[in-house]
Amino acid sequence: MEHIRLLLDIGELNWVFKDSADTEALLQNIVKMVARHMKADVCSIYFFDDNNQELVLRANVGLKPDSIGKIKMKLGEGIAGACLKNIEPICTADSLVHPDFKYFPGTNEELYKAFLAEPITSKASRVGVLVLQRKEENHFSEDDVLAVRIITSQLAALIENAKLMTSMNQYIKQMATVDRGPQLDAKFIKGKPASRGYVYGKIAIIEDSKAFENLETMSFEKRTLGDFIHALKSTEQQIELLQKKVEKNLTDAASMIFTSHLMILKDKTFINGIMEQISKGKNPPEAVMSIAKKYIHIFLANANEYIREKAKDIEDLAVRIIANLVRDEIKLPGVKNRIVIAREFYPSDVLRLSSEQIKGAVLISGGVTSHVSILARSLGMPIVIANEPALLNISPDAKILLDAEIGNIYINPRPDILKEFSDRLRKKNKKAPAAMTPRTKTKDGLRIKLMANVNLLKDVDRLKELACDGIGLYRSEFPFLIRSNFPSEEEQFFIYRKLMEGMPGKEITFRTLDVGGDKILSYSQKTRKDNPVLGLRSIRFSLANRGIFAEQIRAILRAGYKADLRIMFPMIFSLEEFITAKEVVRQCSADLTSGGIPHNVTPQIGMMVEIPAVIEIISEFAGIADFFCIGTNDLVQYMLAADRSNEEVADYYLPHHPAVLRAIKKVAAAAQAAKIDISVCGDMANSAEYIKFLIGAGIRKLSMNPEYLGENQKIIAALDSKKCRQLTEEIVCLSRVDDIEKKLWPEKLMI
Ligand code: PEP
Ligand code: MG
């Protein structure tokens, strides 16, 4: 407690005032004084800027002097940002592994692992943060935390005034500068990781019609009809090649993603229209533009949304033909090997861009549990979602480094940042993906079944090397989402059979079609409405389209012949609905039997628990369902009224809300009482902290993305199931989100 006493009798505040020529000097004197008292290697003061909702480093000792004014972070971002957001100190012995840590290369921060952040507040409003750092071996004690709290409360008024002065000065400076329009000066943007990975490279900004519109403003050297025919051939060959690649890599998705491109290329009216204009003297690139515009105009005027969407294909095709035509004159940027920045993606964009070998993507809107993110994970495409529309305006020559492991975007990163990442990447590549041994158990021997979530057949190839217990969720909608029409029973049978063959003898849970919400079928008007997540989605769509539903069930039953087959209905909301869906399965089986077609006559039939309304009547469901599977992605969305695809409400999307955790516990208890099987297959099952809670709640089967299986097996092997139970019991008695956070992430708040 020595330094507390020291500080309490300081007459030094006077010294700080007297010896400071201006506000900046005053702040510098404060950090020097605090660092000395606290025996800290680094001391920093961050101001909180209410307008931009960001923290800015204003005074510092210990880091590189040029860091002042440059280190900035949003509220909630980085350890200091998290500390101020929650108005709670954060103390950690190793900041580099702290989940909130944000790395600022070139500041020397990496030398100081021990980190203590104390919020500075005044009358409950946020003023800033005081940060102390030490070399790792000398980390902060509880006494230190207390001392810093006292120091900060002594200095809060002083710092608040200094902040006021600084912002006045900035305002005056700003008034003197000319408005240069919206720009993105930031070098670093914090987003959310939606699909893991690190990538670095040039960017390609995809904004609606941008590439096409840009062409209109260009003028090109004169080309001939021969050049056009040659460009047409090259375009066709390139697209066929792309299509072949998709077919090879993604048999289930080989839905001719580029069909409409190829069809338009072969369309006589379209091609002849262009040739006619060329023969009348128009330069071929202009002729292509002119006919493309005519088609786009016609498509856009169509009442059918599916046709309207085709306008995009024409634009894309025109850009490709012109790129081939003018190749020797200018190189139009493509997307290959680039990091794409786009407002949003549809699942079909993910597939198309993956086949065009983009390196990764930054999306302005979307959610980390959305289906675009889920699909990208299957394809190994790193994605970060950042609600920062200015990203669409960054210079097309910029390069970005995407750290999709934690959601960081670095624009034109400096060489030292790049070096740091290439080292990390090398280490990551050296480390083989976490292997698995059969039969996962906790430290005290409790058997936990680890299953895989499968979106594409491609995922099954990865599973062959992993000793998982089966497929806990096959999202059967993906082959539907990426096609341009409903796949036939035979096509589905072919895909499902391959899935079964990939996991012989293991349990496979087929979820029936779950379209609607963010899983829009571009060819079905019915899934597009104002409130799609509350609309005709999932089992509601299947029951309203019995023909499509029955075809799928027949394909599943046939493919599941002699297999350990489970059929699961998504989004069940009432007992009647479940019974009706079950009746469709019975009827399909009867039809197949009378047709003499071999199929699985005894599949287990269960339901997803995703709609909060079923929780109250869960015991009754347990009497008629063979199993439950909790879909936490939707359950959280519906319980908390927070759209899982909307980055703007991401802070409301809290799987650890007490209502959600208690609901999970209740469902698990009902399943146990009725002795039926229960699993969790939403994203909560990916995360180590939630796994503790789930095991404690009595869940013995978890289904997760294949990439998490190995590491989670290790985490489970280190758990004691009795301690998990105790933790869950304690958590379900808590009613505040922040109290639950302290239990689930104790290392975040060490005091
Ligand atoms: C869920 O909702 O948790 C789930 C697993 O289903 P999906 O993510 O496909 O909606
Ligand atoms: Mg769901």
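Everything numeric here is computed off the predicted structure, so don't read it as measured data. Note that ligands are numbered from 1 as they come in the structure, with each ligand's atoms numbered from 1 the same way. The first residue of the sequence shown is numbered 1, and numbering continues consecutively from there.
Against a heavy-atom cut-off of under 4.0 Å, Arg644 is close to the following atoms of ligand 1: 2 (O), 7 (P), 8 (O), 10 (O). Atoms of ligand 1 lying under 4.0 Å from at least one heavy atom of Thr632, given by number and element, are 3 (O). Atom numbering of ligand 1 starts at 1 in the shown order; those under 4.0 Å from a heavy atom of Cys681 are 5 (C). Each of the atoms 1 (C), 2 (O), 3 (O) of ligand 1 lies under 4.0 Å from some heavy atom of Gly631. Within ligand 1, counting atoms from 1 as listed, the ones closer than 4.0 Å to a heavy atom of Leu473 are 5 (C).
For the side-chain hydrogen bond (donor to acceptor under 3.5 Å, both in side chains) with Asp677, the lone residue among Lys701, Gln604, Arg700 that qualifies is Lys701.
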Note to self: Assess the residue pair Gln552 and Ser476 against the criterion (side-chain hydrogen bond (donor to acceptor under 3.5 Å, both in side chains)); give the C-alpha distance rounded to whole Å, side-chain angles, the decisive distance to 0.1 Å, and a yes or no.
What the structure shows: CA-CA 9 Å; Gln552 182 179 36; Ser476 71; 2.8 Å; yes

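Counting heavy atoms from C-beta outward, Arg662 and His657 have side chains that stay 4.5 Å or more apart. Here the side chains of Phe569 and Ile567 are in contact, with some heavy-atom distance below 4.5 Å. Side-chain contact check for Asp643 versus Gln637: some heavy-atom pair is nearer than 4.5 Å. The shortest side-chain heavy-atom distance between Ile448 and Ile716 falls under the 4.5 Å cut-off.
Checked against the Mg ion (ligand 2), the N, O or S atom of Glu610 at the shortest distance is OE2. Atom OD2 is the N/O/S atom of Asp634 found closest to the Mg ion (ligand 2).
Judged purely by atom type and a 3.5 angstrom limit, Lys190 uses its side chain to pair as donor or acceptor with the backbone of Ile406.
Ligand 1 lies within reach of Arg511, whose nearest heavy atom is under 4.0 Å from it.
Contact annotation: for Leu635 versus ligand 1, there are no heavy atoms closer than 4.0 Å. Neither the backbone nor the side chain of Met684 has any atom closer than 4.0 Å to an atom of ligand 1 (non-hydrogen atoms only).
Ligand 1 has no N or O atom lying under 3.5 Å from any N or O atom of Arg537, backbone or side chain. Residue contacts with ligand 1: Asp683 is placed with no nitrogen or oxygen under 3.5 Å of a nitrogen or oxygen of the ligand (distance criterion only).
When the ring pair (Phe, Tyr, Trp, His ring centres under 6.0 Å) test is applied to Phe510, the partners found at least two apart in sequence or on another chain are Tyr474, Tyr496.
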